[in-house]
Amino acid sequence: MGDLPAVWAQKWGDKVAVVERDRVFTFTDLETEVSAVAVQLAAFDMKGAPHGDRVLVQLPNTVELIVILLACFRLGLVPVLALPGHRSAELEHLAAMTEARAIVVPDSFRGFDHRGLALQLIDQHDVLNHLIVVNLEQQTAAVEGRLRFSFPAPVDSPRSHNEAPSSDSVAVLLLSGGTTGTPKLIPRTHDDYIYNFRACAEAAGFTRDTVLLLSIPVAHNFGLACPGALGVLDAGGRVVLEPSPDPEKAFRAMIAENVTDAALVPAVLQRWMDEMDTTGMRPPSLRRVQVGGARLSDEVARRVRPGFGLQLQQALGMAEGLVNYVRPDDPDIVGVETQGRPVSEYDEIRIVDRNDVDVAHGKVGQLLTRGPYTIRGYWRAPEHNRSAFDSQGWYRTGDLVRWHSTGNLTVEGRVKDVINRAGEKISAEEVENYLYALPGVLRVAVVAIPDITLGESIGAVIVPVDPSEPPTVEWVRSRLLAAGVAAFKIPQHVRSVDDLPLTKVGKIDKAAVRRLFTQD
Ligand code: OOB
C-alpha cells in the first residue's frame, strides 16, 4: 500500500486528490507529502518492516490522517486506528495492548486537549516514546511543508528503512465493534486491504470522475476502504473531507466541490433527506449515497427517490472483512429492501441456526463468512478467536440475516450484545465493566434502546448497593467522563432496580431489561 501514492502520482499527477476545506492536494502533492513524512518517521527509533512497530493514530478527517497512514504503510509501521472521541480509558488499553511506540494526535480538537492526554500516556507506557502532533488549533505553529505536523527531533541517529513490507504482512490494526469487555484489534494485511478497497470501488461503480464526500470517520473501515478514501484515490477520483455531517455544511461542501457520491450512516441520511424535503433542494451533482454501518429503515430508504436523480447504495460491512454492496444498476427494490451482496465472488456466506446448521433458503439465521479479505483471527486474542471463528475458519458475524429473493442479503437483527449508536458499535460488556468500577454499583446490565434519531441509544439498569441512593443519568455521566470513557459510550438512560431480571438458567435476561425501558 505504501507504493500506491507514487503509482497514483504517475497516473494522475496534477489531478486533485484530496480537498479539506480550503486546502487542495493533487496526486503529485500527496506523493510528495507521503515521502516527506516517511523520511521524518524513518528518523525515529522505530522498527518498520519486517517487524512492524505500532503507531497509535487518533486524528479526525484531515489530509494529515491520510498522509500519515500512507507513510506508515510505506515503512511497514502499523497504524492502530483510534477515533477522535476516544479518551484515556480506550487509549490506555490500545497503547498497552499494541505496545505502540508512537502516538499521533491533534493538539486539540472539539475543545479536548489531545496533546495533554498523549503526554500522560507517554509517561505511563515505557515503550511509547514518540509524540507527533497535528496543529489543528494553532495553525501558525511549526508546520512541515503544507501540512500541520509537528515532529519531535529524532532521539537516535537516523535509521534507514530499506526494506519494504511484504504484501502479506499486517498493514493496519482496525478496532472491532466487538462484543467483549475490551475492544479487539483487527489485523488487515496489505494484500487483503488492497483487495478490499478495489472490490468495493468496483461494486460501488467508482471511477476517476467520482468525487466522494466523507463525513463518516476515515479512521473507520467504511470511510477508509469500503471504498472510502483509499478506494476513491485508487480509482483516480477525489476525496472531499468534511468533518461535519450537518446538512447545511455538508450540502455547501458538496455544491462547492461538485460531489458525486457521499458515504453516510443511516442517522445522517435521515437528516439529509429531511433537509432535502423541506427545502426542495439537493446538491445538483450528487448522484449516489453509500449508506451502511447500521440498519437503514425501509421507510427512509424509500424516501431516496431515484427519479430525483439520487441513487441509494446500501452496504453491510464489517471491519473484520466481508462487505456487501447494492450495485449501481440494481433495480430499486434491491436498493430499498436489501443491504446488497458480497463484493467478491470468492466471499463465502452461510446462514445458520443456533446449532450452526444451515437454515432453509430465505429463512433468518446468523451470518457466517469466510473469504479473501476476511480475517482468520483477531490480533493477539487466541481465546476469543476460539469462539469468534469456527474450526473451519468461518467468522461468526453475530448478525441475523436472510437471503432476499433477489439474491441479496437483508439484515434482520443480531445475536451479539452490542449497541449500534448511529453506526458506532459499543460493546454492552465494556460499558458494564466501566459501571462496575464505580462506587455504590452492585450489579448492572447495559442494553440497546430504540432511538428515533440515533437508531439505538444506551440504557443501563443498575442495582445500587444502597437503594436509598439510586444513581442518576447525570451521576453516571460525570463519573464515566472522569474515568476517561469516550462520551459516545455513556448511557443516555439509567434506571435503578432492586434486582436484575434473570433467565431460567440464571443469566441476566437482557430482553426483560430492555422492556424496562421500552414499556413506557
Ligand atoms: C461497519 O463496520 P463495523 O466493523 O463498524 O461494524 C460491523 C457491524 C456488522 O456486523 C453489523 O452488525 C453492523 O455493523 N452493520 C449493519 C450494516 N452495516 C454494518 N447492520 C445493519 N445494516 C447495515 N447496512 O459498520 C461497516 C464496514 C464497512 C462498510 C460498511 C459498514
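Atoms within a ligand are numbered from 1 in the order they appear, just like the ligands themselves. The first residue in the sequence is number 1, and the count goes up from there.
Side-chain contact check for Thr189 and Asp191: no donor-acceptor pair (N or O, by modelled atom type) lies under 3.5 Å. Remark: the Arg341 side chain and the Asn324 side chain contain no N/O donor-acceptor pair separated by less than 3.5 Å. Side-chain contact annotation: Gln339 with Tyr325, donor-acceptor N/O pair under 3.5 Å absent.
Given atom 31 (C) of ligand 1, the protein heavy atom at minimum distance is Gly293 N, 3.6 Å. From the protein, the heavy atom lying nearest to atom 7 (C) of ligand 1 is Gly317 O, 3.3 Å. Of all protein heavy atoms, the one lying nearest to atom 25 (O) of ligand 1 is Lys425 NZ, 3.0 Å. The closest protein non-hydrogen atom to atom 23 (C) of ligand 1 is Ala294 O, 3.4 Å. Closest protein heavy atom to atom 2 (O) of ligand 1: Met318 CA, 3.5 Å. Among protein heavy atoms, atom 10 (O) of ligand 1 sits closest to Asp399 OD2, 2.5 Å. Looking only at protein heavy atoms, the nearest one to atom 24 (N) of ligand 1 is Ala315 O, 2.7 Å. Nearest non-hydrogen protein atom to atom 21 (C) of ligand 1 is Arg295 N, 3.2 Å.
Between Tyr346 atom OH and Tyr373 atom OH the span is 13.0 Å, to the nearest 0.5 Å. Atom-to-atom distance recorded for Ile419:CD1 and Asp451:CG is 12.5 Å, nearest 0.5 angstrom.
Only the side chain of Cys226 comes within 4.0 Å of ligand 1, judged by heavy-atom distances. Heavy atoms of Leu316 found under 4.0 angstrom from ligand 1 belong to the backbone as well as the side chain. Neither the backbone nor the side chain of His220 comes within 4.0 Å of ligand 1, counting heavy atoms alone.
Glu90 and Ala486 get closest at one heavy-atom pair: OE2-N, 3.1 Å.
Checking only distances, Glu320 never comes within under 3.5 Å of ligand 1, N or O to N or O.
Residue contact check for ligand 1: Gln339 places a non-hydrogen atom closer than 4.0 Å to it. Residue contacts with ligand 1: Glu424 is excluded, as none of its non-hydrogen atoms falls under 4.0 Å. Within the 4.0 Å heavy-atom shell around ligand 1 one does not find Arg414.
Of the possible polar contacts, one joining the Tyr436 side chain to the Val444 backbone as a donor-acceptor pair under 3.5 Å is found.
Listed by chain and number, the residues in a side chain to side chain donor-acceptor pair (under 3.5 Å) with Asp274 are Arg303 (sequence neighbours excluded).
Under the side chain to side chain donor-acceptor pair (under 3.5 Å) criterion, no residue pair touches residues 199-213, with sequence neighbours excluded.
Between Glu456 and Arg414 there is a salt bridge, with a side-chain nitrogen of the basic residue lying less than 4.0 Å from a carboxylate oxygen of the acidic one.
Below 4.0 Å from some heavy atom of Ala319 lie the following atoms of ligand 1, by number and element: 2 (O), 3 (P), 4 (O).
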